[in-house]
Amino acid sequence: MEFNKVKTTLIIVLLAVNLFLAAMLRIDYQRENVISGNLEKTAYSLLKSRGVEIVPGAGGTAKHRLNIYTAALTRENGKAFAEDILGLPSGTEEIADGTKYLCAGGYLSVFGTNSIEAALEEKYSKVSERKIAKSLAEAAGLQKEDVVFFKNTDFGNTGTVEFFFYFGGIRVDGYKVTATYKNGYLTGVSGNFPSFSNLSKETQYSADVLTALFNLADYIDGNVLINHSEVVYIAKFSEWETIEYVPAYKFKTADSAFLVYFNGGVEKIF
């Protein structure tokens, strides 16, 4: 009987201790959030005094750890895409910095930087946007879920479909393919796609949006109002038919945009 009383008492004491510890952890968590929030407000106030103002919701404090990647640039990727869209070509023509693949209904040209251009007669091809997305993913060396498309077509399926590219959940900036449809038939394709063939990983960098904004403040001359920010990969081409994908913060204003690279450096792109 005495043993049961002791056991019950111990259980009550342990429960009380656990409740106390949980309460202390909650208090510490709330205190850290308050401190973090105060530091963020102070940082944004300091940035504003240095000429960089952020629209609410366009900043944040997210931290990222991303690698620089190097990939090979090969025309074989474009050839595979052309065959997926046209079927086996009836012939080819060598053009400036590229190849034109011919078919009974038109052509699809592929250029050295993975730029593509196609013109097809109406009623030649009913290739769907999902098929194009899958073919673009394979040509780029990506997974099919890494190619996201947006339809701008009417109920008769006339209009355009835009395709965008992601790697590891990060958008690859500067790449977009647009497909044109008329009455459900594919009549044109234009744009460019990235290449992640023979991918190799290089240096890893850590960055956060506040540090990037202070780097931007060091770069600008005047005042800017940032209305959008995102992390992107930027393609850098070399002379050896390779592409280097460098992570960067992209900050947009009403009439310009800036890139703040994870490995240092700031660039105004328009």
Just list the side-chain donor-acceptor pairs under 3.5 Å for residues 260-270, sequence neighbours left out, or say none.
from	atom 1	to	atom 2	distance (Å)
Tyr261	OH	Lys236	NZ	2.9
Tyr261	OH	Glu267	OE1	2.6

Test side chain to side chain contact (heavy atoms under 4.5 Å, CB included) applied to [X] - qualifying residues, sequence neighbours left out:
X: Thr160; result: Asn152, Thr178, Thr180
X: Ile116; result: Phe81, Leu108, Val110, Leu136, Val177, Val189, Phe193
X: Asp221; result: none
X: Gln143; result: Glu145, Asp146

Rounded to the nearest 0.5 Å, how far apart are OH of Tyr233 and CD1 of Ile68?
9.5 Å
Inter-residue atom distance Asn215.CG - Phe251.CZ, 0.5 Å rounding:
9.0 Å
Would you please name every residue forming a side-chain hydrogen bond (donor to acceptor under 3.5 Å, both in side chains) with [X], sequence neighbours left out?
X: Glu83; value: none
X: Lys134; value: Glu138
X: Glu162; value: Lys176

Quick one: ring-ring contact (aromatic ring centres under 6.0 Å, His included) partners of Phe149, sequence neighbours excluded?
Phe163
With Glu122 via salt bridge (charged side-chain N to carboxylate O under 4.0 Å, His left out) - residues at least two apart
Lys182
Can you list every side-chain hydrogen bond (donor to acceptor under 3.5 Å, both in side chains) pair that touches residues 123-132, not counting sequence neighbours?
Glu129-Lys151
Tell me whether the rings of Tyr69 and Phe167 are parallel (<30°), tilted (30 to 60°) or perpendicular (>60°).
perpendicular
Besides Leu102, the hydrophobic cluster formed by Ile, Leu, Val, Met, Phe, Trp and Tyr side chains linked at under 4.5 Å, directly or via other members, contains Tyr107
Is Lys48 salt-bridged to Glu53, going by a charged N under 4.0 Å from an acidic O?
yes
Side-chain H-bond candidate by donor/acceptor type, Ser45 with Thr42, under 3.5 Å:
no
